Amino acid sequence: MSAQSRTGPSRPPTASPRRERRARALIGWAAVLAVAGVFVLWHPAQGQQSPESQLPSGPDLYQANCASCHGNQGEGTFRGPTLIGVGAASADYWLRSGRMPLEEPDQEAERGEPAFDDAEIRELVGYVARLGEGPEIPELELSDVDLARGGELYRLNCASCHNWDGKGGALVNRGNAPPLHPVPDVQLAEAVRIGPGAMPQFSERQLDEEELNDVVAYAEYLRTPQDAGGYGLAHWGPSTETIAGFVAMLVLVAVTAWLGERGRG
Amino acid sequence: MTDHTTTPLGRLAQWIDQRVGAAKFTRSTLDYVFPKHFTFLFGEIALYSFVVLVGTGIFLALFYTPSEAEVIYAGTYEPLRGVAMTEAYESVVDLSFSVRAGLLFRQTHHWAALVFLGAIFIHLCRVFFTGAFRRPRELNWITGVTLMIVAIAEGFAGYSLLDDLLSGTGVRIGYSIAESIPVVGTWLAYWVWGGEYPGEGFLSRLFAVHIFLMPALIAALIGVHLFLVARPHHTQFPGGGRREDNVVGLRLWPSYATLSVGLFFLVAAVLHLMGGFLQINPVWLYGPYDVFAVSSGSQADWYFLWLQGALRLMPGVSLELGPWTVANQFFPAVLYPGVVFAVLYLWPFLEARVTGDRGEHHLLDRPRDRPVRTALGAAAIAGFVVLLVAGSDDVFVTTFDWSIVPVRNIERVAFFVLPALVGLAVWKAARDLSRAAPLDRTAPPTRSPEPMPANIAPAASGAAAATVRTAPRRDSPGGHDVGRPTAIVGAVATVGAVVALGSLVRRALRRHSS
């Protein structure tokens, strides 16, 4: 990134062969750094940086990408809320789901490709976590969970917005509750703890660690639930069943049309 | 002909016939003539769906427990193990996972219910658009509308029995609608549910209603309906030698019977294929009903979806009448369907009054020749479709990531504007079509060159009303065996479908329970 700016004022060639050699070497290095810089820019998500390259620090990344809306000290501005006390879970959730940073201040935050690589996100998350105490990134343990209790908690707390199937649903005046299906488990858990957007926040007093594991495990189960009865019709329930029923009616009308052509009379 | 009275069986038959007089009745029944048109078979799709419903329903009733007693689930479906639920819901989950082919029958039963109502609906449309409800068939129209209302109620009772989260939500809405009826509402809801929601013993009442009362009522109404079809004989389209005082078509035996049996097997095959391959109402995913829980995207089955749509489109207003309040849901869920069904019941009389046509009609209208009626029917269907869309608007709003508020306002406008536009367009198209190709009632017979039997009165178009009652409306160009291969194909398809799907369900169960 900084490769080009470092070599910006390239020196004019001089008569001295030693200087000339030095200048050539500099240009060569500049070219190498430029290629490396382009490589880094083109593959930001891979995070495979050479050990020599300098990782931008959390404060630097914050100042460059977040401060214009959230304030120089994370105190918030009219464009964005304060980040003091939102915690690591919140920063991790918003950055990893690609919702932050926004392209435009008044744009709606939507799930997308994250703008930073893993190491950069960790730096930023660490910086935001130091701004004030808030929810930690939950540590999930999904190997030994009570799926049935997770289902009960899901139906009580989540289904009213995200649907019995996790497909999400319509919210009046607040956009739509997003689907849970492409979301990594940790982000689901973070969302439970921080309550992004219109979602309520569930602290450990409302859902303890075990219950959080259970409910995330149930949401995970809903990705490929047991369709014992054949094709699940995309799990939209009676809406898609209605369409399938109408198609069946068309088939049966075609059957009667075929039968009606049989024989004379 | 050999003399049957020489054989013992023949003598027995003769002995019985001399005492009962069955031969004449059988002869005349077997000779009954059905006019041929594929739209006349829509009602039969409903009839045969009902047969499938009764058959699968008997199987389901053997395993269902209508009890609200609380149990802890300990069955084979892991994501529910340890969850408190009613015995009713537990028995449905067990029926789906532990009873061999139980899920196949449950799903076939549910699909058959959707198709039953669907067939009733398109049959109603056919009768409406062709004017088959006119004198002397007003009574049968009333029977049919009643049958449809009972079938809708029966469907609601059926899916409410399962006591899953979705059906519990529907029952809760039903309770609120009952409560909203002025003056008697509260008492009515208490009476039906046995107290405050969720009531006591509601499921056992509903069970009795669903498996005894309503099916008996439906069967009785079907009997009356068919009797009232056969009594003045079936209507037929004009042309091809078909007149007001005859019936041209297939004899019941053997032609029409094999055709109809073939249709039965094909309907059964389609329903069983759906029951095996298309999941419907996965109650184990909805979870048991809990009064504190509700899921977004909760929809009704399609025959109730239009009422749900009406509830959603109704603005949040209620009526204050002195000390009484007429609650909001009364307007879309009681008054509106009340008006719809009242208009349906009265339609034959309204139309006769408006057109002044009170004569007997056995020949059907082409829809284009009655542009006003056709346009009104099309407009009603357009309004119905808007309500269906409104009933599931949250689903497609979520799917396409739209916003619900503008969509719902568009639907509110569309509920009034779209029927008007569709009605106008259909009226113009029908009128133009009718003018471009007017019906030629004097056209020579196209498909029945055979001479008429001697017992048929000659055509008397002027005195049709008088002749129809005295002369049997019976005229067949000769029975022609058409349906036997169809029946065999359909039977093989049904048996194959049941066997294949039964093994499929069993295999799925074995895979999931291991």
Side-chain angles (χ1 to χ4, degrees), chain A residues 110 146-152 154-157 159-165 167-173 175-179 218 221-222 225-233 235-242 244-246 248-249 251-253 255-265, chain B residues 36-38 41-42 45 78-83 96-97 103 107 114-115 118 122 165-166 248-250 255 259 262-263 266-267 270 274 276-280 282 285-287 290 292-297 299-302 305 392 394-395 397-398 401 404-405 447 477 480 482-483 486 508 512:
Chain A
E110 279 177 352
D146 186 345
L147 206 54
R149 183 172 62 169
E152 285 186 287
Y154 181 88
R155 286 188 287 277
L156 274 175
N157 298 304
S160 55
C161 295
H162 292 288
N163 195 317
W164 53 273
D165 177 55
K167 278 190 171 302
L171 303 176
V172 175
N173 278 342
N176 296 328
Y218 189 75
Y221 164 74
L222 285 179
Q226 189 170 333
D227 280 331
Y231 175 57
L233 289 170
H235 291 147
W236 276 126
S239 302
T240 38
E241 288 161 12
T242 296
F246 284 181
M249 284 308 304
V251 169
L252 286 173
V253 166
V255 163
T256 61
W258 173 68
L259 279 178
E261 288 305 309
R262 317 248 82 200
R264 294 173 299 157
Chain B
K36 248 176 58 93
H37 196 268
F38 77 97
L41 295 172
F42 294 165
I45 298 177
E78 206 226 319
L80 282 177
R81 219 174 284 161
V83 171
S96 306
F97 286 104
L103 190 54
Q107 298 199 137
L114 295 195
V115 168
I122 57 170
L165 187 57
L166 184 66
V248 178
L250 301 173
S255 310
L259 184 142
L263 179 62
L266 287 165
V267 168
V270 168
M274 295 181 83
F277 287 116
L278 294 180
Q279 179 168 287
I280 186 167
L285 293 178
Y286 294 137
D290 177 345
F292 299 110
V294 68
S295 171
S296 77
Q299 325 278 323
D301 279 5
W302 81 266
L305 200 57
S392 48
D394 55 337
V395 164
V397 159
T398 310
D401 206 17
I404 189 93
V405 176
R447 295 184 77 184
H480 179 73
V482 291
T486 313
H512 288 302

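The structure presented is a predicted model; accordingly, all values stated were derived computationally and were not measured. Values reported hereafter were calculated over all heavy atoms of this structure, with side chains retained and with hydrogens, waters and symmetry mates removed. A note on names: the letters A, B, ... follow the listed sequences, proteins ahead of strands, and every chain is numbered from 1.
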Is it the side chain or the backbone of [X] that comes within 4.5 Å of chain A heavy atoms, both, or neither?
{"X": "B:Leu305", "value": "side chain"}
{"X": "B:Val270", "value": "side chain"}
{"X": "B:Leu165", "value": "side chain"}
{"X": "B:Val405", "value": "side chain"}
{"X": "B:Phe277", "value": "backbone"}

### A:Tyr154 portion near chain B, given a 4.5 angstrom heavy-atom threshold
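A:Tyr154 has no heavy atom closer than 4.5 Å to chain B.
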### Task
Check each atom of A:Glu152 against the heavy atoms of chain B and say whether the ones under 4.5 Å are side chain, backbone, both or neither.
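The side chain, not the backbone.
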Chain A interface, residue from [options] that has the most non-hydrogen pairs under 4.5 Å:
{"options": "B:Ser392, B:Pro282, B:Gly287", "result": "B:Gly287"}
{"options": "B:Asp394, B:Val397, B:Ile280", "result": "B:Ile280"}
{"options": "B:Val115, B:Leu285, B:Ile404", "result": "B:Leu285"}

### Message
Contact between B:Leu266 and A:Trp258 at the side-chain level, heavy atoms closer than 4.5 Å - yes or no?
### Response
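With C-beta onward as the side chain, the pair touches.
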### Task
For the residue pair B:Tyr286 and B:Ser295, establish whether any side-chain heavy-atom pair is separated by less than 4.5 Å.
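Not in contact.
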Return the [atom1] to [atom2] distance between [X] and [Y], rounded to the nearest 0.5 Å.
{"X": "B:Met274", "Y": "B:Gln107", "atom1": "CE", "atom2": "CD", "result": "10.5 Å"}
{"X": "A:Thr256", "Y": "A:Met249", "atom1": "OG1", "atom2": "CE", "result": "8.5 Å"}
{"X": "A:Gln226", "Y": "B:Phe97", "atom1": "CD", "atom2": "CZ", "result": "4.5 Å"}
{"X": "A:Leu233", "Y": "A:Thr240", "atom1": "CG", "atom2": "OG1", "result": "5.0 Å"}

#### Entry: Donor on one side chain, acceptor on other, A:His235 and A:Asp227, under 3.5 Å
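Side-chain D/A pair, A:His235 to A:Asp227: present.
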Among the options [options], pick out the one with the most heavy-atom pairs lying under 4.5 Å from chain B.
{"options": "A:Val251, A:Val255, A:Val253", "result": "A:Val253"}
{"options": "A:Gly237, A:Gly151, A:Ala244", "result": "A:Ala244"}
{"options": "A:Asn157, A:Asp146, A:Leu147", "result": "A:Leu147"}
{"options": "A:Pro179, A:Ala248, A:Gly245, A:Gly169", "result": "A:Gly169"}

### Query
With B:Asp301, which residues qualify under salt bridge (Lys or Arg N to Asp or Glu O under 4.0 Å), at least two apart?
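Here no residue qualifies.
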### Partner of A:Leu252 under side-chain contact (heavy atoms from CB on, under 4.5 Å), chosen from B:Ile45, B:Ile122, B:Leu263
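Between A:Leu252 and the candidates, side-chain contact (heavy atoms from CB on, under 4.5 Å) is satisfied uniquely by B:Ile45.
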